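Take a look at the structure set out below.
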Amino acid sequence: MNHTREILTFQFGTYANYVGAHFWNQQEANFVYDDPANEVAVEQYPNNDILYREGRNEQKQTTYTPRLLSVDLAGTLAHLPIVGELYGNYVQRADEAPTDDIVEKLKEGAEQNKLSTSGQLDVLQQPTAPMSEYQRDLLKGTLNTQDKDYKLAESCNSWADYLYARYHPRTFSMLQGITRKSDVQSLATHGAGVEMWHSTAFNEDFCDRIRQYAEECDALQGFQLLFDIDDGFSGMASKCLEHLNDEYTRASYVLPLHYPQNISYAQADMRTAHSIRVVNSVLSYYHLSEQASMFTPLSTLETIWRNSSLKSRNLTGLQFQANNLYQTSAVLAAYLDTVTLGFRLRETSESLMRFCDRVSPSGRKLTAASLALPLGMQQQQDLIDYLNVADSNALLTQLTPGCEPGSSYVLQSLVARGIPDSRLKRPLEQAAKQVQMAAYKCDSVSHMLQLYYQCNYHSSQTHASSTPLPLKTHLPFPYEIFNSSFASNGFKLLDDEHRSVEQRVASAPALAAVQNSSKLGNHLDALHGQTHRIQLAKLQSYSQSGLERDEYETALEQLLEFRDNYADAHYL
């Protein structure tokens with residue numbers, strides 16, 4: 001009997017929820033109910049049951065929600081109710097809706113569903129929270145994703161402002177007594193996050209939610225975990241991962257996320273803030289090296305830890321504000337959605353465990369991310385011609401700060417999307433010079449990409465997969481980040497052509513890879529090098545969170561041992 005190989009997703013922290021909101025919006029965009037154009041075969045779409053669960057609410061309506069647990073600070077939900085909007089215990093009131101009418105409907109519904117007896121129900125009205133124009137139109141059913149400019153990049157104050165997907169009631173866990181602040185991190189240190197995880201108010205309820213999700217699965221294959229590594233959510237994520245290994249022993253793909261801006265901590269100057277970020281990373285890497293199946297740090301910044309310049313990665317074809325959470329998180333979500341497609345398609349033998357094992361052998365759990373969005377192929381250009389002239393070093397842009405895997409002895413798994421088979425090569429009668437190329441014998445996009453990297457990456461191993469399904473980039477994705485030299489379908493225009501202001505990029509081809517090589521040891525060296533400038537006793541935030549010197553020293557020693565896995569002598 002075939003079972004859905006379910007994956008449970010975790011999001012710890014505000015920026016993780018920014019990325020997660022874009023990721024789940026992408027999943028919703030790929031739901032297929034009817035495709036009259038039949039441009040993409042059904043089997044080339046994701047198997048949504050891997051990440052989603054089907055349920056029924058009190059009104060006997062079918063619901064389909066992400067198998068997700070999200071943790072954030074109070075104040076980040078904005079207008080969203082913590083109990084969700086799908087199960088009859090909450091009604092979102094439009095501005096013009098009479099309150100009395102809503103109260104009566106709630107009472108009638110509760111009585112009909114035997115949730116209360118006549119006259120025994122009290123209805124509480126939640127204070128009105130600011131709602132973005134996008135969410136107001138979504139509530140009213142007047143959402144316009146084709147022509148209207150919601151200016152989310154300028155007006156977005158929370159990931160709830162652009163969230164299209166709707167979550168299950170058990171999804172949200174807000175940290176009691178810790179409110180989001182615009183100027184400083186309310187949960188600053190790894191140790192504070194560990195303390196919060198162990199608190200009775202949080203731990204018992206959260207672990208029970210994990211158990212409920214796990215018991216609903218037929219064949220749980222593992223976990224996907226995103227967390228903010230720069231603050232205390234790193235500690236919560238580390239303890240959660242430890243709990244998952246103790247209770248479920250499944251594969252785990254972990255993505256530590258770095259803010260695209262210098263964040264502040266209470267009573268800490270810039271130098272102290274940098275030190276706190278370094279210590280948070282050291283402790284996180286220590287736990288990830290022991291607990292994760294594989295982890296891939298993500299950031300749109302070139303460097304981290306002591307980066308005052310905030311220089312952003314340059315992705316050809318994209319122009320985004322370097323410190324904008326809404327725009328940068330969309331780029332990272334596009335990577336996550338693309339690179340994981342290989343084990344989420346409807347017809348694939350790939351699994352999360354195989355995905356992790358293939359790229360992280362012999363304890364090399366730290367991997368690097370790279371992305372091409374959009375891919376860079378010109379309109380009407382075939383893939384064989386594009387790869388023939390492409391610079392192998394410029395084809396992909398790194399999204400793991402301080403990591404450059406190089407082009408020799410690289411293990412990598414990559415996914416191409418949005419390239420139709422008709423754009424692979426020309427038919428024999430039209431092939432001309434193409435027929436002279438070795439790649440002309442390739443019969444699929446994945447086969448051609450494997451040959452390309454075999455020729456350009458010395459003694460490397462590449463596993464490639466592909467789907468003609470492009471990345472959907474209409475609202476609420478920040479379509480405005482695409483350069484005008486790209487057409488509405490995401491392919492590059494000729495040199496003297498530009499997309500008109502009225503046109504928006506609705507979809508785009510992309511290439512994403514997770515990579516490993518001995519050069520990633522340089523990333524660990526850079527992190528360890530930052531620790532020499534740290535005086536732990538002077539970090540007041542860590543003194544208050546109870547971090548012992550011995551624990552920190554153990555983490556440093558483990559970091560050096562973990563780095564040994566990337567020595568050339570240890571290469572397979």
Side-chain angles (χ1 to χ4, degrees), residues 9-22 24 65-66 68-87 89-93 124-132 135 155-163 165-210 225-240 257 259 261 263-268 276 280 325-326 329 541 544-545:
T9 302
F10 296 83
Q11 294 164 191
F12 286 93
T14 300
Y15 195 50
N17 280 296
Y18 265 87
V19 175
H22 280 299
W24 296 112
T65 52
L68 167 69
L69 287 171
S70 166
V71 185
D72 210 334
L73 304 175
T76 55
L77 281 181
H79 67 283
L80 293 178
I82 193 170
V83 295
E85 302 159 288
L86 301 176
Y87 280 71
N89 48 4
Y90 179 86
V91 170
Q92 179 72 63
R93 181 171 68 85
L124 300 179
Q125 181 175 345
Q126 179 175 303
T128 302
M131 184 183 295
S132 67
Q135 289 293 345
S155 62
C156 182
N157 294 312
S158 168
W159 48 268
D161 288 339
Y162 61 88
L163 179 66
R166 289 300 178 252
Y167 294 162
H168 189 273
R170 76 170 70 114
T171 290
F172 294 129
S173 294
M174 298 294 109
L175 301 186
Q176 298 180 14
I178 305 180
T179 304
R180 179 190 179 189
K181 299 178 182 178
S182 59
D183 53 344
V184 297
Q185 290 300 109
S186 301
L187 189 69
T189 65
H190 187 280
V194 171
E195 184 178 348
M196 178 57 66
W197 170 268
H198 286 301
S199 66
T200 304
F202 178 85
N203 186 272
E204 183 175 345
D205 176 68
F206 192 77
C207 292
D208 189 54
R209 297 183 187 207
I210 298 174
L225 197 152
L226 293 75
F227 73 93
D228 298 353
I229 193 173
D230 295 324
D231 55 32
F233 286 104
S234 60
M236 297 195 75
S238 296
K239 299 309 293 185
C240 178
L257 305 172
Y259 272 86
Q261 50 193 226
I263 57 178
S264 301
Y265 307 90
Q267 300 177 330
I276 292 174
N280 286 342
L325 300 184
Y326 162 71
S329 60
S541 296
Q544 294 173 348
S545 66

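Just so you know, these numbers come straight off a predicted model, no measurement behind them.
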To the nearest 0.5 Å, what is the distance between [atom1] ([X]) and [atom2] ([Y])?
X: D72; Y: L175; atom1: CG; atom2: CG; result: 7.5 Å
X: H190; Y: I229; atom1: NE2; atom2: CD1; result: 8.5 Å
X: K239; Y: F202; atom1: NZ; atom2: CZ; result: 13.0 Å
X: F206; Y: S199; atom1: CZ; atom2: OG; result: 11.5 Å
X: L257; Y: S234; atom1: CG; atom2: OG; result: 11.5 Å
X: D205; Y: T200; atom1: CG; atom2: OG1; result: 12.0 Å

In chain order, what residues pass the ring pair (Phe, Tyr, Trp, His ring centres under 6.0 Å) check against Y259, with sequence neighbours excluded?
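Result, ring pair (Phe, Tyr, Trp, His ring centres under 6.0 Å) vs Y259: Y15.
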Note, [X] side chain near [Y] side chain (heavy atom, < 4.5 Å):
X: Y167; Y: T65; value: no
X: L77; Y: W159; value: yes
X: I178; Y: L73; value: yes
X: D228; Y: F12; value: no

Counting N and O atoms only, with roles assigned by atom type, does the side chain of [X] sit under 3.5 Å from a partner on the main chain of [Y], one being a donor and the other an acceptor?
X: N280; Y: A188; value: yes
X: H22; Y: Y162; value: no
X: R170; Y: R209; value: no
X: N17; Y: T14; value: no
X: E195; Y: G235; value: no
X: S186; Y: T179; value: yes
X: T171; Y: L68; value: yes
X: N203; Y: H198; value: no

Smallest heavy-atom separation, D161 atom then S132 atom, equals O-OG, 2.8 Å
Please name the pair of heavy atoms, one in A201 and one in Q176, separated by the smallest distance, quoted to 0.1 Å.
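The pair with the smallest heavy-atom distance is CB-OE1, 4.2 Å.
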With no hydrogens and no angle check, do the side chains of Q11 and W24 hold a donor and an acceptor under 3.5 Å apart?
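Per modelled atom types, Q11 and W24 side chains form a pair under 3.5 Å.
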Start with the C-alpha distance between V194 and T189, add both sets of side-chain angles, then the distance that settles side chain to side chain contact (heavy atoms under 4.5 Å, CB included), and finish with yes or no.
CA-CA 9 Å; V194 171; T189 65; over 6 Å; no
Evaluate side chain to side chain contact (heavy atoms under 4.5 Å, CB included) for F227 paired with C240, printing each intermediate quantity in order.
CA-CA 11 Å; F227 73 93; C240 178; over 6 Å; no
